[in-house]
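Inspection log for the structure reproduced underneath, given as structure tokens.
Both ligands and their constituent atoms are indexed starting at 1 by order of listing.
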Amino acid sequence: MPENYICLTCGVQHAASNGPPDRCKICDDERQYIGWAGQQWTTVEGMKAAGHSNRIQEVRNEPGLWSIDTRPRFGIGQRALLVQTPAGNVLWDCITHIDDATIERVRELGGIAGISVSHPHFYGTMIEWSHAFGGAPVYIPRADAEWVVRPDPVVQYYEGAQEPLPGVTVVQVGGHFEGSAVLHWEQGAQGRGALLTGDSIAVAADREWVTFMRSYPNYIPLPRSALDGIVRALEPYDFDRIHGGWWELTVDRDAKEAVRRSAERYVRWIRDPD
Ligand SMILES: [Zn+2]
Ligand SMILES: [Zn+2]
């Protein structure tokens with residue numbers, strides 16, 4: 001029986017094949033790496049058998065935003081975020097583990113009307129998640145189509161920006177990937193606007209600044225043109241807060257200015273002083 005294999009290092013599920021694929025396209029790229037024990041694979045059932053489960057918690061001081069991550073930690077270790085709106089919920093970023101308890105809890109929270117992901121490292125099992133919630137559309141920038149390693153009719157490609165539900169817009173900012181995106185949530189931060197950024201904009205440890213990288217694990221920086229592109233793509237949007245890809249990595253206030261001044265600082269350091 002063909003099986004949808006999942007790469008153990010990045011957690012991304014691939015198109016069905018008889019036997020595990022030779023390579024993971026996503027890990028076999030200079031932005032990622034092959035696991036130190038060599039390329040290994042699992043499946044959705046294999047993850048359940050390994051004793052994984054998901055933790056679903058409302059984000060502190062942000063009513064309507066729920067964080068979903070997997071214990072024990074799996075793959076890259078990111079979280080997904082569920083944004084609740086009066087018109088339905090959007091799942092932003094994805095994880096690999098999905099089970100009945102997760103589906104039941106997310107249904108109690110209002111289900112999923114649309115899915116969008118910041119970039120290929122966080123695709124996880126996005127097609128499984130869509131199928132579990134009535135084939136909810138999965139919005140991916142067309143620029144990253146080549147990275148969708150499990151193609152499916154639920155995937156809808158967009159260019160520039162897309163509004164899955166009123167008040168929720170996904171915006172392609174580029175940088176980390178050509179199709180790297182962020183989610184703008186108008187009602188976030190008590191109505192001041194919030195941005196969910198994954199790896200497209202990374203919240204720094206001091207939580208006052210952010211950074212931008214072509215590769216985080218391999219420390220590859222971005223050129224000035226990419227930073228300018230990110231700042232420019234966000235100009236039309238008001239936001240006061242940024243929720244990054246990991247727990248507690250939040251720029252709590254004045255986040256739009258934090259993006260601008262962080263890009264400026266970055267350019268100062270990559271520019272040859274002479
Ligand atoms: Zn991989
Ligand atoms: Zn990444």
Report yes or no: is the cationic atom of R265 (NZ for Lys, CZ for Arg) closer than 6.0 Å to the six-membered ring centre of W209, at no more than 45° off its axis? yes

Of all the N, O or S atoms in H121, the one nearest to the Zn ion (ligand 2) is ND1

Parallel, tilted or perpendicular: which fits the ring planes of F239 and H184, with parallel below 30° and perpendicular above 60°? perpendicular

Restricting D199 to its N/O/S atoms, the closest one to the Zn ion (ligand 2) is OD2

Using a 3.5 Å cut-off and no angle test, enumerate the donor-acceptor pairs between side-chain atoms of residues 44-53 and protein atoms at least two apart in sequence or in another chain.
from	atom 1	to	atom 2	distance (Å)
E45	OE2	K48	NZ	3.1
H52	ND1	P72	O	3.0

SB check D254 K256 (cutoff 4.0 Å): no

Taking 2.8 Å as the upper limit, name the protein N, O or S atoms near the Zn ion (ligand 1). C7 SG, C10 SG, C24 SG, C27 SG

List, one per line, each side-chain donor-acceptor pair under 3.5 Å for residues 157-164, sequence neighbours excluded.
from	atom 1	to	atom 2	distance (Å)
E159	OE2	R142	NE	3.0
E163	OE2	G167	N	3.1

Indicate, with yes or no, if the rings of W147 and Y123 have centres closer together than 6.0 Å. no

Going by side-chain hydrogen bond (donor to acceptor under 3.5 Å, both in side chains), name the residues that satisfy it together with N218, two or more places apart in sequence or in a different chain. none

